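Convention: sequence-line order gives letters A, B, ...; per-chain numbering from 1. For clarity, every value in this text was computed on a predicted model and none was experimentally measured.
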There are 2 protein chains.
Amino acid sequence: MTQKSDHIPRATIQRLAVYVQVLENLLREGTEVISSEPLAKACNVNASQIRKDLAYFGEFGVRGVGYYVKSLIDSITSALGVDREWRTVLIGVGNLGRALLNHKEFRLRGFNIVGAFDCDPFKIGEEISGLEVVCTKRLKEKIGENGAEIGIITTPPERAQRAANHLVEAGIKGILNFAPARISVPSEVNVEYVDLFHHLYALSFNITFGSSE
Amino acid sequence: MTQKSDHIPRATIQRLAVYVQVLENLLREGTEVISSEPLAKACNVNASQIRKDLAYFGEFGVRGVGYYVKSLIDSITSALGVDREWRTVLIGVGNLGRALLNHKEFRLRGFNIVGAFDCDPFKIGEEISGLEVVCTKRLKEKIGENGAEIGIITTPPERAQRAANHLVEAGIKGILNFAPARISVPSEVNVEYVDLFHHLYALSFNITFGSSE
DNA sequence: TTATAATTGGGAATGATTTCACAATCAGGA
DNA sequence: TCCTGATTGTGAAATCATTCCCAATTATAA
Ligand SMILES: NC(=O)c1ccc[n+]([C@@H]2O[C@H](COP(=O)([O-])OP(=O)(O)OC[C@H]3O[C@@H](n4cnc5c(N)ncnc54)[C@H](O)[C@@H]3O)[C@@H](O)[C@H]2O)c1
Ligand SMILES: NC(=O)c1ccc[n+]([C@@H]2O[C@H](COP(=O)([O-])OP(=O)(O)OC[C@H]3O[C@@H](n4cnc5c(N)ncnc54)[C@H](O)[C@@H]3O)[C@@H](O)[C@H]2O)c1
């Protein structure tokens with residue numbers, strides 16, 4: 001998949017992920033074709049927004065008809081580069097790390113966790129969901145073997161930068177950071193933050209000062 | 001805390017949460033005063049962006065000096081409405097639900113989980129982190145007692161709408177949804193989505209098509 | 001007391017994104 | 001084959017967000 005346009009807004013990428021989610025549900029319910037209007041309703045966005053977002057990547061619809069759900073899912077996933085396997089490693093086998101390691105959905109969606117790392121000697125050697133926990137020191141060696149490109153950080157926040165350094169050192173290309181701390185990495189490494197409290201703060205603000213009036 | 005301006009961009013709210021995170025780290029490291037320039041570096045944004053974001057809420061800085069870290073944290077948390085206790089309930093005591101229930105940080109940050117609900121009879125009655133798992137049918141009754149205002153959904157995606165309906169019915173004001181499904185609720189109820197795969201899709205896109213060039 | 005250096009707050013300019021509006025296109029039926 | 005109704009794709013307009021820039025303000029030191 002190649003893009004038609006050079007720069008694509010970050011917000012567009014986020015919405016494309018929502019579209020895929022909603023389209024997959026529609027497909028599961030048996031919908032074969034959908035037009036931008038009802039899809040927009042289901043995604044809580046404007047219909048032309050959807051059409052414009054898709055237009056960055058190509059012409060996927062049929063005028064007078066709408067979009068074929070199955071083929072649109074394929075087009076979007078291909079546009080996002082998720083029509084392949086992505087190998088990932090996880091650092092920090094604690095409460096959250098375990099939940100993620102046991103989460104089947106990763107593999108189903110092509111994000112395969114192929115390595116679990118921790119620095120706690122009591123955890124090293126333990127097997128979780130068919131994966132042996134390995135010492136963080138062996139990260140580079142292991143990534144050399146399994147070719148992972150994405151790292152998932154689930155250490156405590158004060159260790160997040162150290163974990164990131166290990167990942168960068170090992171040649172990782174992207175990081176998903178669950179620890180509530182900003183990390184700094186070379187500009188060619190992509191970082192995404194999953195921060196619970198950001199969302200809770202937004203809820204708090206919206207409930208208190210009203211977003212719906 | 002009252003706002004100076006009527007409409008505040010959503011992006012501003014998200015950044016304020018980042019500022020708090022970074023400021024708390026600075027405070028822990030002993031920084032008492034900081035100006036917008038170095039704070040901007042640490043948060044990966046533009047310095048005037050920070051000043052403008054703060055200006056929506058008031059004048060928190062001292063010209064020629066910068067911002068007093070402690071007092072700025074207080075000002076921002078007050079602006080976001082997080083300078084109080086928020087009671088929350090969680091629906092869906094599975095893998096992820098358990099990890100969240102055991103997560104101490106919620107209480108520390110004022111988001112107290114005061115109820116855990118599931119529909120599985122094998123889970124009802126179980127005690128997790130001092131909280132007894134209760135049948136979802138008793139949600140309204142329990143919320144009437146404990147006065148929770150925020151609901152956390154950690155059910156499978158196909159049950160997320162049902163869980164949301166229960167929460168709305170019980171008079172909840174905001175929902176944090178971890179299930180990968182859009183939910184529809186009345187407009188006065190606020191919803192935030194925490195979706196792993198949205199972030200992984202963004203990583204995939206950025207790694208594949210380059211965000212750093 | 002006054003000059004200097006630093007830094008905020010906010011108006012104006014710029015830039016980006018969203019929405020509008022409609023010509024272009026397509027399926028289906030007359 | 002041609003007409004009708006539906007719906008896309010896309011410029012242009014409108015809205016929204018970010019960045020620039022500097023007067024206003026403060027601390028400090030001469
Ligand atoms: N538990 C949750 O529900 C939850 C939810 C949201 C965010 N988080 C965040 O996720 C992170 C992990 O949370 P948790 O509850 O799993 O914590 P945890 O303490 O249970 O687990 C942290 C793990 O990281 C390991 N670790 C520490 N330093 C390391 C290093 N340098 N290299 C490798 N491993 C290292 C520890 O040995 C431990 O196993 C925290 O930053 C937390 O704030 C947790
Ligand atoms: N496990 C993870 O690491 C992880 C990460 C990100 C997102 N998620 C998402 O979070 C959700 C939960 O994941 P999980 O791994 O904990 O799943 P899980 O199957 O372990 O837990 C789901 C729980 O919800 C309960 N439940 C089902 N329907 C219910 C209803 N109507 N009312 C109340 N409770 C109900 C089930 O009894 C079960 O206890 C899923 O939507 C998943 O996609 C999970």
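Of the candidates D:dT18, D:dA17, D:dA27, the closest approach to any side-chain atom of B:K52 belongs to D:dT18. Taking the side chain of A:R63 as heavy atoms from C-beta on, and the options C:dG9, C:dT18, D:dT7, the nearest nucleotide is D:dT7. Closest to the side chain of A:E59, from the set C:dC20, D:dT10, C:dG10, is D:dT10. Nearest nucleotide to the A:R51 side chain, out of C:dT19, D:dT7, C:dA21: C:dA21. Checking D:dC21, D:dT18, D:dG9 against the side-chain heavy atoms of B:S48 singles out D:dC21 as nearest. Each of D:dA17, C:dA27, C:dT18 was ranked by its minimum atom distance to the side chain of B:H7; first place goes to D:dA17.
A straight line from CD of A:Q49 to P of D:dT8 spans 15 Å, rounded to a whole angstrom. Separating the CD atom of A:E37 from the P atom of C:dA21 is a distance of 14 Å, rounded to the nearest angstrom. One can place CZ of B:F60 at 11 Å from P of C:dG10, the figure rounded to the nearest angstrom. The interatomic distance linking B:Y56 (OH) with C:dG11 (P) rounds to 12 Å, in whole Å. Summarising the geometry, the separation between CG on A:D53 and C1' on D:dG9 is reported as 13 Å, rounded to the nearest angstrom. Here C:dT25 presents its P atom at 16 Å from OH of A:Y67, a figure rounded to the nearest Å. B:I8 has its CD1 atom 15 Å from the C1' atom of C:dG10, to the nearest Å. D:dA17 atom P lies 12 Å from atom CD of B:Q14, rounded to whole Å.
For C:dC20, one of the phosphate oxygens OP1 or OP2 lies less than 4.0 angstrom from a side-chain nitrogen or oxygen of A:N46. Distances shorter than 4.0 Å separate some side-chain N or O of B:R15 from OP1 or OP2 on D:dT18.
Residues A:G64 and B:L54 each lie close to DNA chain C; by heavy-atom proximity, the contact nearer the 5' end of the strand is made by B:L54. Heavy-atom nearest nucleotides on DNA chain C were determined for A:Y68 and for A:V45, and the one closer to the 5' end corresponds to A:V45.
The pair B:E169-B:K140 counts as a salt bridge, with a side-chain nitrogen and a carboxylate oxygen less than 4.0 angstrom apart.
Residue contacts for A:S36: at a heavy-atom cut-off of 4.0 Å it reaches the sugar-phosphate backbone alone, with no base atom in range.
A donor-acceptor pair under 3.5 Å is absent between the side-chain atoms of B:T88 and the main chain of B:I150, judged by distance alone.
In this structure, the side chains of A:I13 and A:L80 come closer than 4.5 Å at one or more pairs of heavy atoms.
Checked against a 6.0 Å centroid threshold, the rings of A:F197 and B:F106 count as neighbours. Ring pair A:H198/A:Y201: centre-to-centre distance not below 6.0 Å.
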